[in-house]
Structure formats: structure tokens, C-alpha cells
Amino acid sequence: MTTQQKVNLLGLSRPQMEEFFLEMGEKKFRAQQVLKWIHHHQADSFEQMTDVGKALRQKLSEVAEIRGPDVAHESISRDGTRKWVFELSGGGSVETVFIPDGRRGTLCVSSQVGCAVDCSFCSTGKQGFQRDMTSAEIIGQVWQASRAFGPRRNLGEHPITNVVMMGMGEPMLNYDNVLTAMRIMKDDLGYGIGKKRITLSTSGHIPRMDQLSQDLDVSLAVSLHAPNDELRNELVPLNRKYPLKELMAACKRYSDNITHRHKTITMEYVMLRDVNDKPEHARQLVKLLNGIPVKVNLIPFNPFPHAGYERSRKSDILEFHKYLNDNGLLTTVRTTRGDDIDAACGQLVGQVQDRTRRSERWKQSIFHRSEQTDNNTAQAQ
């Protein structure tokens with residue numbers, strides 16, 4: 001059996017691992033042993049599994065492997081944020097970010113190579129879309145980051161306390177693989193991360209939101225970014241398929257369906273100067289979110305080359321924040337972290353083979369827009 005045909009055990013949840021061993025003619029408890037070795041002890045070979053018999057280790061080496069994404073590059077920000085660039089054996093590369101904050105350490109995980117949603121203010125979307133990541137590649141980011149911090153002494157003592165599916169890609173468009181990876185994150189034989197500490201961020205894929213509320217109990221964040229359909233159609237193209245009225249109804253259903261006490265949905269709102277940061281936008285946002293248990297996270301825009309947008313003025317962000325809080329919406333302003341290593345929200349790029357030619361078209365549009373501005377300036381003079 002060739003390496004390509006081997007089963008990568010890194011991406012198997014507990015039920016899948018049990019089924020794997022049953023099909024091999026082995027007992028189910030072998031799944032627990034191997035899961036602990038992979039995710040607790042960070043083993044990358046079967047020879048390290050000392051409580052597994054030599055014959056079974058040999059058998060496993062013939063049909064299976066433990067293979068995470070390769071670390072191509074690692075950067076550490078002046079604020080302690082760490083970013084890894086992972087090269088994937090199936091082609092392309094993705095970026096993963098760890099953000100320390102006191103006793104809390106959040107790992108931002110990617111789900112696709114590139115992104116098909118193409119939000120207008122996000123550098124990832126401008127790279128186009130290559131492919132979905134496998135469950136092994138998704139959980140492999142957690143595995144590699146965990147290895148970077150050294151052996152885990154127990155579930156309660158490790159730098160990675162939270163995981164957010166907010167890296168490259170739209171998680172709902174790679175649903176099955178993301179679901180498997182999150183199950184491994186939650187499992188005590190995996191990473192033992194509580195359901196309130198795993199957050200999936202979506203641009204608003206309503207059918208998958210409804211399905212997730214039935215399949216797995218995790219926190220939800222919605223990339224909102226606009227308080228009306230006209231503006232959101234421009235910023236988040238998926239809104240044309242799932243407009244705000246339907247999206248808000250889906251958010252209410254999700255909050256009603258999840259079982260843990262923390263039913264609040266995080267609304268992410270990137271602050272774009274003179275685009276979505278005006279007083280009328282704040283008023284519209286209060287009206288839109290009325291009756292839904294939400295927390296609003298205002299995100300100062302993180303620039304990238306030729307973005308076409310600017311970060312809102314600090315005074316406008318503070319006024320926007322005050323208005324929302326004064327009108328009953330719990331609102332925070334996200335502290336920008338890791339921008340000196342391009343690890344901040346909206347800056348993740350990786351290396352993507354753009355089959356859609358989106359990057360080329362975007363660069364051409366920026367060039368023509370700049371050319372037109374120069375012509376208008378010259379005519380005015």
C-alpha cells in the first residue's frame with residue numbers, strides 16, 4: 001500500500017477511529033490508546049506508542065500514518081502573537097495564528113485554501129479559492145501548534161485554551177471536515193476544549209447554521225459588517241443569497257437550539273472609514289439586532305496592499321461603540337494583534353493557486369480605479 005493510500009489517523013474522530021480498528025479486526029479500546037498518543041502525547045509515529053503491541057504497531061505502519069501539515073514558516077509578533085504558514089501535501093498553504101491574552105490563548109484555525117466568499121475587505125478572499133482542507137489538515141493545525149508549546153501535562157494546563165474557526169476560508173462551505181475536526185477538539189481524548197471555547201465564524205450560510213445547531217454544540221460568530229442589505233451585498237456577497245432578514249431569523253433559531261447557557265452570538269463588524277461607521281449605521285444596527293442575544297465585536301480594519309478601504313477614525317469607532325452600548329447592545333472593540341507579522345483579522349493570505357483568477361481581476365480593477373482617479377485629478381487641474 002502506498003503512502004497516498006494510507007489512512008491519516010490525525011483526522012479521525014473517536015467514532016471514526018473505533019470503526020477503523022474494528023475493520024482491522026481489533027478491539028475498540030485501541031482507538032482510545034491511539035487518540036491519546038496522537039493528541040495528548042503528540043506522537044507522530046507508531047513506534048512511540050509503547051503500550052501498543054509490536055505486531056499491531058507494525059500492522060498500523062502498513063495501513064495508516066500520522067501526518068500533519070509541514071511548518072514552512074513561523075513568525076512571532078512583538079505582542080506575543082505567533083503565526084505559522086503550513087504547507088499542505090495536497091497543495092497550497094494556509095496560515096494559523098495563536099493570540100495570547102493572559103491565561104487565555106486563542107488559536108485561529110483555517111478551513112480552506114483560499115476562500116470562495118470574496119468579502120471585499122478581506123485579503124484572503126482576494127487570493128481566490130483552491131480547495132477544501134481535509135479534517136486531518138484542519139486538526140493538524142491544532143496538533144502542530146500544540147507541539148510547538150511542548151508536551152501537554154494535562155487537559156487543564158496548556159497555552160491553547162480556545163479555538164476559533166476564523167482563519168482562511170468559510171467553514172460552512174467545508175462543513176463535514178470542519179465538523180469532524182471540532183469534534184476532536186472537544187473530545188477529552190483529543191484536546192478537551194469546552195463547547196463555549198470553540199467558535200465557528202460564518203459569513204451567513206443559513207442551511208449550515210441550522211444543521212450545526214443540531215450536530216454540535218459550539219459558539220457561533222457571524223461576519224455581519226453591515227446593518228442593511230444594500231451595503232452588505234457589497235461587502236459580503238453571500239448576502240445576496242441569504243439576506244439579513246433571513247440571517248437574523250437563523251441566528252435566533254441557533255440561539256434557541258444550543259444547549260449551553262452561553263447562547264450569545266458574536267456579531268463581527270469590521271470598521272471601514274466612511275463606509276459602515278456613520279451614526280445612521282449604528283442606529284440601523286441596533287434596530288436589526290433587536291431581540292437577538294448578541295455581542296457586537298467592532299474590528300478596526302487591518303489594511304493590506306491595494307485594499308481600497310481605510311480604518312475608521314478612532315473617534316468614530318468610540319462613538320459607534322458608545323451608541324451601541326447605550327442602546328442595550330453589549331459591544332467591545334477588538335484590540336488589533338499581530339499586525340506587524342500580517343496576522344491580524346483579514347490579513348491572512350497563504351499561497352493559493354487562484355483557479356478563479358479573482359486575484360488577477362481584483363488587481364486589474366485596482367489599477368483601473370487608480371488610473372481613473374489620476375485622469376480625473378489631471379482634468380481638474
Side-chain angles (χ1 to χ4, degrees), residues 11 68-73 75 83-97 107-142 144-145 163-182 200-205 208 221-223 225 234-242 268 270 299 301-309 338 341-366:
D70 294 327
V71 179
H73 182 70
S75 304
K83 182 176 78 170
W84 294 271
V85 178
F86 291 118
E87 288 186 352
L88 309 178
S89 60
S93 64
V94 297
E95 298 182 353
T96 308
V97 176
L107 191 69
C108 183
V109 172
S110 295
S111 58
Q112 295 179 311
V113 184
C115 185
V117 175
D118 193 22
C119 295
S120 64
F121 53 83
C122 179
S123 63
T124 304
K126 297 296 170 281
Q127 308 306 305
F129 172 74
Q130 181 171 335
R131 66 176 179 87
D132 290 332
M133 296 173 66
T134 67
S135 58
E137 290 169 336
I138 296 169
I139 200 65
Q141 297 166 80
V142 185
Q144 287 286 36
V163 173
V164 291
M165 298 299 308
M166 295 183 183
M168 296 172 61
E170 164 56 63
M172 294 299 195
L173 296 181
N174 187 17
Y175 185 80
D176 291 339
N177 290 324
V178 168
L179 187 66
T180 296
M182 291 194 299
L200 183 146
S201 176
T202 178
S203 299
H205 193 291
R208 293 301 192 194
V222 174
S223 295
H225 309 307
E234 175 187 337
L235 300 179
V236 186
L238 190 64
N239 193 74
R240 299 187 185 106
K241 187 172 184 178
Y242 303 115
E268 298 168 317
V270 66
I299 307 170
F301 174 66
N302 295 304
F304 56 92
H306 311 298
Y309 295 103
I341 56 172
D342 291 336
C345 181
Q347 291 184 320
L348 302 189
V349 176
Q351 296 175 0
V352 180
Q353 180 183 355
D354 186 3
R355 297 183 302 197
T356 66
R357 298 182 65 194
R358 182 187 300 156
S359 178
E360 180 182 333
R361 294 197 302 271
W362 172 64
K363 290 175 182 176
Q364 288 177 347
S365 69
I366 293 295

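Just so it is clear, the structure is predicted and the values come from calculations on it, not from any experiment.
- Between Ser75 and His73, the side chains place a donor N or O and an acceptor N or O closer than 3.5 Å (distance only, hydrogens not considered).
- Closest approach of Cys119 and Pro237 over heavy atoms only: CA-CD, 4.0 Å.
- A distance of 6.5 Å separates CD in Glu87 from CG in Asp70, rounded to the nearest 0.5 Å.
- A distance of 10.0 Å separates CD1 in Ile139 from CE in Met182, rounded to the nearest 0.5 Å.
- Nearest heavy atom pair, residue Val236 against residue Phe121, reads CG2-CE2, 4.4 Å.
- For the side chain to side chain contact (heavy atoms under 4.5 Å, CB included) test, residues two or more places apart in sequence or in another chain that qualify with Ser201 are Met166, Ala221, Ser223, Glu268.
- Although no hydrogens or angles enter the test, the distance criterion places a donor-acceptor pair under 3.5 Å between the side chain of Ser110 and the main chain of Met168.
- The two residues Val113 and Ser93 come nearest to each other via the heavy atoms CG1-O, 4.0 Å.
- Remark: Glu170 pairs with no residue by the salt bridge (charged side-chain N to carboxylate O under 4.0 Å, His left out) rule, at least two apart or across chains.
- Every residue was checked against the ring-ring contact (aromatic ring centres under 6.0 Å, His included) condition with Tyr175, not counting sequence neighbours, and none meets it.
- Of all heavy-atom pairs spanning Thr180 and Gly11, the tightest one is CG2-O, 3.4 Å.
- Side-chain atoms of Arg131 come within 3.5 Å of backbone atoms of Gly91 as a donor-acceptor pair (strictly under, hydrogens ignored).
- The CZ atom of Phe86 lies 6.0 Å from the CD atom of Gln141; values are rounded to the nearest 0.5 Å.
- Annotation: salt bridge (charged side-chain N to carboxylate O under 4.0 Å, His left out) contacts of Glu234 (sequence neighbours excluded): none.
- Inter-residue side-chain proximity for Pro303 and Tyr309 is flagged as unmet; no heavy-atom pair is nearer than 4.5 Å.
- Taking CD from Glu95 and NZ from Lys83, the interatomic distance works out to 4.0 Å, rounded to the nearest 0.5 Å.
- Nearest heavy atoms, Met172 versus Thr202: CG-OG1, 3.4 Å.
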Checklist line | side-chain contact (heavy atoms from CB on, under 4.5 Å) evaluation trace for Val109 with Val142 | finding: CA-CA 8 Å; Val109 172; Val142 185; 4.1 Å; yes
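- With sequence neighbours left out, the side chain to side chain contact (heavy atoms under 4.5 Å, CB included) criterion links Pro171 to Ser111, Met165, Val178, Leu200.
- Shown here are the side-chain hydrogen bond (donor to acceptor under 3.5 Å, both in side chains) partners of Asn174, two or more places apart in sequence or in another chain: Asn177.
- His205 contributes atom NE2, which lies 5.5 Å from atom CG of Leu173 (distance to the nearest 0.5 angstrom).
- Side chain of Gln144 to main chain of Pro69: a donor-acceptor pair is present (N/O by atom type, distance under 3.5 Å, no hydrogens or angles).
- Every residue two or more places apart in sequence or in another chain was checked for a side-chain hydrogen bond (donor to acceptor under 3.5 Å, both in side chains) with Tyr242, and none qualifies.
- Of all non-hydrogen atoms in Gly167 and Cys108, the two that sit nearest each other are N-SG, 3.4 Å.
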